[in-house]
Number of protein chains: 2
Amino acid sequence: MDHNNLPLNDIYAPENRIYVATDCIIFGFDKGILKLLVFERRVEPFKGTLSLIGSFVKPNEAANEAARRVLKEITGLENIFMEELKTYSNIDRDPGARCISIAHYALIRIDDYDKELVAKHDAIWCEVDKLPKLVLDHDLMIEDALNRLRRKARFYPIGFELLPKKFTIPQFQNLYEAIFQKTLDTRNFRKKLMSLKLLIPLNEKDKSGSKKGAFLYKFDYKKYKRLEEKGFNFSLFKN
Amino acid sequence: MDHNNLPLNDIYAPENRIYVATDCIIFGFDKGILKLLVFERRVEPFKGTLSLIGSFVKPNEAANEAARRVLKEITGLENIFMEELKTYSNIDRDPGARCISIAHYALIRIDDYDKELVAKHDAIWCEVDKLPKLVLDHDLMIEDALNRLRRKARFYPIGFELLPKKFTIPQFQNLYEAIFQKTLDTRNFRKKLMSLKLLIPLNEKDKSGSKKGAFLYKFDYKKYKRLEEKGFNFSLFKN
DNA sequence: ACAAAAGTGTTCTTGGTACACCCATGC
DNA sequence: GCATGGGTGTACCAAGAACACTTTTGT
């Protein structure tokens, strides 16, 4: 900071402080549908309306620590893919007080989380394209998060974070079709995906999706990390 | 925000407030070299050291407004390409007080700005790969900004923001070579650039770079905006 | 006349895209 | 035996990569 070259005591005036919060856009993928974990307010203000899950950033934590704390409180999960999205800081975004929010988005394996915790916090999974109007600027956050997810999933293998650890190729294709809202050619998708050589084939089939059953795979994180450092371009399609 | 479903009066406790600042990573391009506008502190703390240019976010402005205000105070420029980079919020990042910074990066035409203003604020242009250690976590911010610039310049035509409004193809290629730290094939670069059909040729030459002189062009912002809405992929090379 | 940068085409290779049928199984 | 989703190969086309010489002009 420069603070216009003022000495310390002029800068750090308490009235310059602002409430800092974080809101989490938590994505999940269930039965071919992309979902968001949202939250129904039990108390005023905005009682009964939906909002994202969030919290103030406390004096003893960084913004991303706050986001992870929130995520853990609601889902019980740790070590989740989570990234800072963007800061929302319009002066009138929160009618209660001047408050900025540093939004984060997370991708979780929808069958991994603690259902009791989720229920206890009045959190519900809502399909992304059937969301009602949310509180404050949370709609905007979600829109931004979706765009970010699309851009990111296109160039980085973060899609795997939304699938079970063992997954099938058709599941993976469904996920991408849900994220990008378009159908993809099975043969080309497979061919490209396999050419990356980042899937470890397992000798098991998942029969939940069809009678024939589809082979299960694991994503090779270690190999990807190695390739990534050398500037590897994970990208499953062009347009 | 959820604030754990607490009523209002428990949430908005003044001690939850934090100092919020913004720091600006201001890129310029001059004579084939990528530069940063940094700032030499005249007063304690950190007197004599270099830092980015920043300020607190004031009660009546959003974070991006604060960043634009700072940019204008130092360079006199408005309507500049500027984007939020990332929030820096480690609890001990600023020894003076708990203070988070919402960093922004900007691209300016280095011959456009107000040199008197810059001088008055003890700001100096410093080559990006000859930067000394800066104050606090500003080195980290710069590293992040450089990575962001590279990713962004690869897929969006933001490079033009660093060049004069009238520029030559060789200038443009030099810029990309400076950003990506590698040499590019002249013929392929030109071919690709021209195939995008986003440059308006002018019937003038710039002779500052050679005896022969190189033709000047303007970037067609309007056309780009139209194409962008339809999902246009500006990208000058692959690897 | 020579130095220094601008400008220009072709070939090869890679990778994307389009497209249709057989397979395995549970019911 | 049939319905359902899983799995496979080929031909065409577009775009990237490699590569060397001529042009212009100031000195």
Side-chain angles (χ1 to χ4, degrees), chain A residues 29 31-33 153-155 163-164 166-178 180 182-218 227 231-239, chain B residues 31-33 153-155 157 163-164 166-178 180 182-218 227 231-239:
Chain A
F29 181 64
K31 300 184 186 63
I33 297 167
R154 193 152 170 169
F155 297 110
L163 293 176
K166 298 174 177 186
F167 55 87
T168 69
I169 312 287
Q171 272 171 8
F172 191 59
Q173 184 175 340
N174 283 341
L175 170 62
Y176 266 67
E177 291 181 335
F180 293 98
K182 63 170 153 187
T183 58
L184 300 166
D185 180 275
T186 317
R187 280 170 289 187
N188 293 339
F189 187 82
R190 270 190 119 83
K191 200 196 312 170
K192 185 64 205 275
L193 182 54
M194 290 313 194
S195 75
L196 299 174
K197 304 216 164 110
L198 285 168
L199 299 191
I200 301 167
L202 305 172
N203 267 330
E204 302 172 61
K205 278 194 167 186
D206 173 281
K207 296 214 171 192
S208 63
S210 75
K211 292 149 188 173
K212 183 178 177 181
F215 278 106
L216 287 161
Y217 295 82
K218 282 197 306 183
L227 291 171
F232 176 72
N233 192 338
F234 178 96
S235 136
L236 285 177
F237 45 84
K238 240 189 175 174
N239 309 301
Chain B
K31 300 185 188 65
I33 297 167
R154 191 149 170 172
F155 297 110
L163 293 175
K166 299 174 178 185
F167 55 87
T168 68
I169 311 287
Q171 271 170 9
F172 191 60
Q173 184 175 341
N174 283 341
L175 170 61
Y176 266 66
E177 290 181 336
F180 293 98
K182 63 169 153 186
T183 57
L184 300 166
D185 180 274
T186 318
R187 281 170 290 187
N188 293 340
F189 187 82
R190 270 189 120 84
K191 201 195 312 170
K192 185 66 204 276
L193 182 54
M194 289 314 192
S195 76
L196 301 173
K197 304 216 163 107
L198 285 169
L199 298 190
I200 301 167
L202 305 171
N203 266 330
E204 302 172 60
K205 278 193 166 186
D206 173 281
K207 296 216 170 191
S208 64
S210 74
K211 291 150 187 170
K212 183 178 177 182
F215 278 106
L216 287 160
Y217 295 82
K218 281 197 307 184
L227 291 170
F232 176 72
N233 191 337
F234 179 94
S235 134
L236 286 177
F237 46 85
K238 241 187 174 174
N239 310 302

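We name chains A, B, ... by the order of the sequence lines, and we start the count at 1 in each one.
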Whichever of Thr168(A) and Leu236(B) has its nearest DNA chain D nucleotide further upstream toward 5': Thr168(A)
Distance in Å, Leu216(B) CG paired with Asn203(B) CG, rounded so as to fall on 0.5 Å steps: 10.5 Å
Spacing of Asp206(B) atom CG relative to dG26(D) atom P, expressed in whole Å: 13 Å
Distance in angstrom units between Gln173(A) CD and dG7(D) C1', rounded: 12 Å
Side chain of Arg190(B) - closest among dA5(C), dG7(C), dG7(D): dG7(C)
From dA18(C), dG7(D), dG7(C), nucleotide with atom closest to Ala214(A) side chain: dG7(D)
Distance, rounded to the nearest Å, where Asp185(B) contributes CG and dA20(D) contributes C1': 11 Å
Phe215(A) side-chain proximity, nearest of dG7(D), dA18(C), dG7(C): dG7(D)
Side-chain N,O (Lys192(B)) to OP1/OP2 (dG16(D)) below 4.0 Å: yes
Closest-nucleotide 5' rank along DNA chain D - winner of Lys205(A) and Lys212(B): Lys205(A)
For atom CE of Met194(B) and atom C1' of dG9(C), their distance in whole Å: 15 Å
Integer-rounded Å distance: dG6(D) C1' and Phe172(A) CZ: 17 Å
Gly213(B) versus Lys205(B), closest heavy-atom pair with distance: O-NZ, 3.7 Å
Integer-rounded Å distance: dG16(D) P and Phe189(B) CZ: 13 Å
Nucleotide of dT4(D), dA18(D), dG7(D) approaching Lys211(A) most closely (side-chain heavy atoms): dT4(D)
Sugar-phosphate only, base, or nothing, as touched by Lys207(A) at under 4.0 Å among non-hydrogen atoms: sugar-phosphate
Geometric class of the Phe167(B)/Phe172(B) ring pair [parallel <30°, tilted 30-60°, perpendicular >60°]: tilted
Whole angstrom value for the distance that separates P of dA18(C) from NZ of Lys182(A): 10 Å
Any Arg187(B) side-chain nitrogen or oxygen under 4.0 Å from OP1 or OP2 of dC19(D): no
Whole-Å gap separating C1' (dA6(C)) and CD (Gln171(B)): 13 Å
Test: Glu204(B) and Lys166(B) ion pair at under 4.0 Å: yes
5' priority, DNA chain C, between Asn188(A) and Tyr217(B) [closest heavy atom]: Tyr217(B)
Where Gln173(A) and Asp185(A) come nearest, the two heavy atoms and their spacing: NE2-C, 4.1 Å
